[in-house]
Amino acid sequence: MTYHYDTTGRACYLMQDITVLQEEILRLKEQKNAIILAHNYQRPEIQDIADVIGDSLELARAAVGMKGDVIVFCGVDFMAETAAILSPEKIVLLPAPDACCPMAGMVTADELRFARTRHPGAAVVCYVNTTAEVKAESDICCTSANAVKVVNSVNEDTVIFVPDKNLGQYAARFTVKKILPWEGFCLVHDRYTPADVALAKQAHPGAAVLVHPECRPDVIDCADHVASTSGILSHVKSDPQNEFIIGTENGILHRLAKECPGKRCYPLSDKAICVNMKKTDLVKVRDTLVTLKPRITVPEEIAARARGAIESMLAL
Ligand code: 13P
Ligand code: SF4
């Protein structure tokens with residue numbers, strides 16, 4: 001028997017089951033009038049059945065504009081919450097309910113309220129990787145694709161930026177505003193070091209280095225280009241160069257290989273795996289479509305305030 005293993009070494013399903021499961025999911029999707037949104041870090045076999053694959057900003061926009069009654073969100077909890085906030089009339093399903101973003105847990109609404117009392121007059125910009133409660137306490141939301149634009153859009157001269165210190169420090173490079181970065185970080189991106197970049201460049205001397213802004217400042221300094229996951233993809237597509245070292249979660253490599261034939265993309269590190277992003281598998285997607293569970297909902301009094309922060313970002 002040949003098993004398909006995920007990137008953490010866990011056996012998921014028999015190889016011959018993949019196509020069977022994918023066909024079953026596509027049938028159920030029609031029956032339930034559902035759409036599947038998948039983040040760029042999802043497993044290849046999930047990306048291959050998605051209606052939309054994208055970065056956080058693209059998926060938030062897709063959640064607003066999609067037809068259908070049901071959204072199956074293949075990603076992590078804050079992404080499904082964002083979809084539920086933006087499309088309260090739809091049933092939003094998260095096939096792996098334990099798929100969370102540890103960084104989103106690094107700031108709470110209480111902590112943020114306290115920070116506001118310490119810095120009256122400062123604007124609060126929250127990364128989309130936050131809970132609905134934290135978004136509800138924020139002035140405006142941002143993603144990795146638009147953090148600089150969002151920070152520069154607020155009227156205040158000082159910005160409390162939660163929770164990613166690296167993204168906050170990255171935005172600080174492109175603004176005259178005073179950024180007060182929170183102490184959060186991504187367990188995957190914060191692990192890259194300049195030594196990893198040096199090693200990868202030694203192995204692939206002609207390759208350009210593309211990294212995500214969740215990387216540490218010293219890694220950003222080594223990069224040729226810094227962008228969101230979809231920004232990295234469009235850069236590889238449009239750059240005449242042929243070889244790239246990719247400094248973001250390795251799930252993006254599937255899309256890069258599929259959509260950029262002829263280009264060679266190497267992971268900056270083999271260890272860049274977000275275990276939470278890999279919790280969604282075909283069996284869970286199939287089961288969620290059968291049962292229409294687990295459903296993600298956000299209480300309206302929180303959703304209404306969080307929606308304000310997200311819609312301010314989308315309006316930019
Ligand atoms: P993107 O919005 O760039 O896809 O990033 C989401 C994320 O979780 C990065 O770790
Ligand atoms: Fe969160 Fe990092 Fe995983 Fe993105 S890659 S979901 S920021 S832990």
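One-based numbering, in listed order, for ligands and for the atoms of each. Quick note: numbers below take in every heavy atom, side chains included, and nothing from hydrogens, waters or symmetry partners.
- Under the 4.5 Å side-chain heavy-atom criterion for grouping Ile, Leu, Val, Met, Phe, Trp and Tyr, Ile245 is not connected to Ile252 through any hydrophobic cluster.
- With hydrogens and angles left out, the side-chain atoms of Tyr127 and Glu214 include a donor and acceptor closer than 3.5 Å.
- Residues Ser138 and Ile140 are not in side-chain contact: their nearest non-hydrogen atoms beyond the backbone lie 4.5 Å or more apart.
- The number of protein N, O or S atoms lying under 2.8 Å from atom 1 (Fe) of ligand 2 is 1.
- Side-chain contact check for Arg216 and Asn166: no donor-acceptor pair (N or O, by modelled atom type) lies under 3.5 Å.
- His189 and Thr248 share a side-chain donor-acceptor pair at under 3.5 Å.
- At a cut-off of 3.5 Å, with distance as the only test, a side-chain donor of Lys135 or Thr130 sits close to an acceptor on the other residue.
- Under the 3.5 Å distance criterion, with hydrogens and angles disregarded, no donor-acceptor pair is assigned to the side chains of Lys149 and Asn146.
- At a 4.0 Å cut-off, at least one heavy atom of Glu214 sits close enough to ligand 2 to count as contact.
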Inset, instruction - Please report the C-alpha distance between Lys201 and Asp224 in whole Å, then the side-chain angles of each, then the deciding distance to 0.1 Å, and finally whether the salt bridge (charged side-chain N to carboxylate O under 4.0 Å, His left out) criterion is met. - result: CA-CA 12 Å; Lys201 279 178 116 165; Asp224 296 298; 5.1 Å; no

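- Arg307 places a side-chain N or O within donor-acceptor distance of the main-chain N or O of Ile85, the cut-off being under 3.5 Å.
- Inspection of the Thr229 and Asp55 side chains reveals no N or O donor paired with an N or O acceptor under 3.5 Å.
- Listed by chain and residue number, the protein contacts of ligand 1 are His39, Tyr41, Asp55, Ser56, Asn129, Ser144, His189, His212, Glu214, Ser228, Thr229 (heavy atom within 4.0 angstrom).
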